[in-house]
Amino acid sequence: MNKAFCKEPDQSDRPLCPACGAEGLPVSEATLLAHLEAADADTLAEPAAWCDTDNCPVAYFDALERSVPVARARGVHWPKDPTGALCACHGLTCDDVDSDLDEGEPTRVRRVIEAAAAPDACCAARSADGRSCVARVQRFWVRRKAARG
């Protein structure tokens with residue numbers, strides 16, 4: 001059959017979460033080992049991915065639909081863990097953001113965003129999704145400020 005009449009499958013380079021179907025965020029082996037027991041990390045093939053869906057029970061997964069649940073991961077941040085830190089390396093918490101909102105000035109938030117932008121920042125290495133915390137901190141700030149009116 002002529003290829004002109006065949007539709008190529010729609011697939012991205014990133015695997016889809018077996019629980020919620022969201023496209024995963026690629027993570028390194030170092031990130032997996034920092035947040036999973038070695039035995040759990042060894043069950044995942046490359047490329048491994050982080051499920052960024054807030055309420056999905058899966059933390060990490062691979063293209064073969066193998067997964068590790070949030071409950072077996074450590075150092076998971078908000079929103080996967082509602083009580084988790086927003087920034088693992090600088091210790092910014094949801095309560096810190098609430099304090100900034102109460103005071104009317106984002107002092108703590110600004111300090112963490114500036115620190116995360118520094119050349120020696122380790123947010124991406126310590127973060128469960130393998131990325132800087134800046135977008136997550138800003139997203140929480142906007143959500144919390146909107147919720148307060």
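Distance check, rounded to the nearest 0.5 Å: OG1 of T43 to CD of E37 gives 12.0 Å. Rounding to the nearest 0.5 Å gives a distance of 7.0 Å between CG of L44 and CG of L36. A distance of 11.0 Å separates OG1 in T53 from CD in E23, rounded to the nearest 0.5 Å. Between W50 atom CH2 and R131 atom CZ the span is 10.5 Å, to the nearest 0.5 Å. Between L92 atom CG and C133 atom SG the span is 7.5 Å, to the nearest 0.5 Å.
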Quiz prompt | Derivation and outcome, side-chain hydrogen bond (donor to acceptor under 3.5 Å, both in side chains), residues T93 and D95 | solution = CA-CA 5 Å; T93 66; D95 290 340; 4.9 Å; no
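A search for salt bridge (charged side-chain N to carboxylate O under 4.0 Å, His left out) contacts involving D52 returns nothing, not counting sequence neighbours. The salt bridge (charged side-chain N to carboxylate O under 4.0 Å, His left out) check on R66 picks up D62, with sequence neighbours excluded. With sequence neighbours left out, D40 forms a salt bridge (charged side-chain N to carboxylate O under 4.0 Å, His left out) with R72. Judged as a salt bridge (charged side-chain N to carboxylate O under 4.0 Å, His left out), and not counting sequence neighbours, E65 has no contacts. Applying the ring pair (Phe, Tyr, Trp, His ring centres under 6.0 Å) criterion to W141, with sequence neighbours excluded, gives no partner residue.
Cluster annotation: V76 is not connected to F61 through the hydrophobic network of ILVMFWY side chains, with a link wherever side-chain heavy atoms come within less than 4.5 Å.
Counting only distance, with no hydrogens or angles, the side chain of Y60 and the backbone of A128 share a donor-acceptor pair below 3.5 Å. No side-chain donor-acceptor contact under 3.5 Å links H35 to the backbone of A73. Under a 3.5 Å cut-off, the side chain of K80 and the backbone N or O of P57 do not form any donor-acceptor pair.
The shortest distance between side-chain heavy atoms of Q138 and I113 falls below 4.5 Å. Using a 4.5 Å heavy-atom threshold, the side chains of S127 and R136 count as touching. The closest side-chain heavy-atom distance from L86 to V97 is below 4.5 Å. Side-chain contact between C87 and H77: absent, with no pair of heavy atoms (C-beta onward) separated by less than 4.5 Å.
Considering all non-hydrogen atoms of both residues, P47 and P15 come closest at O-CG, 4.0 Å. Of all heavy-atom pairs between L16 and G21, the closest is CD2-O, 3.8 Å. Here the shortest heavy-atom pairing between G91 and D96 reads O-OD2, 3.6 Å. Closest non-hydrogen pair, G24 versus A49, comes out as CA-CB, 3.8 Å. For C56 against V70, the heavy-atom pair with the smallest separation is O-CG2, 3.9 Å. The minimum heavy-atom distance linking S67 with V58 is given by the pair CB-CG1, 3.8 Å.
Ring geometry for F140 against W78 counts as perpendicular: the plane angle is over 60°, on a 0 to 90° scale with 30° as the lower cut.
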Would you give me the side-chain donor-acceptor pairs under 3.5 Å for residues 101-108, sequence neighbours excluded?
from : atom 1 : to   : atom 2 : distance (Å)
D102 : OD1    : R148 : NH1    : 2.6
D102 : OD1    : R148 : NH2    : 3.2
E103 : OE1    : R108 : NH1    : 3.2
E103 : OE2    : R108 : NH2    : 3.2
E105 : OE2    : R110 : NH1    : 2.4
R108 : NH1    : D100 : OD1    : 2.5

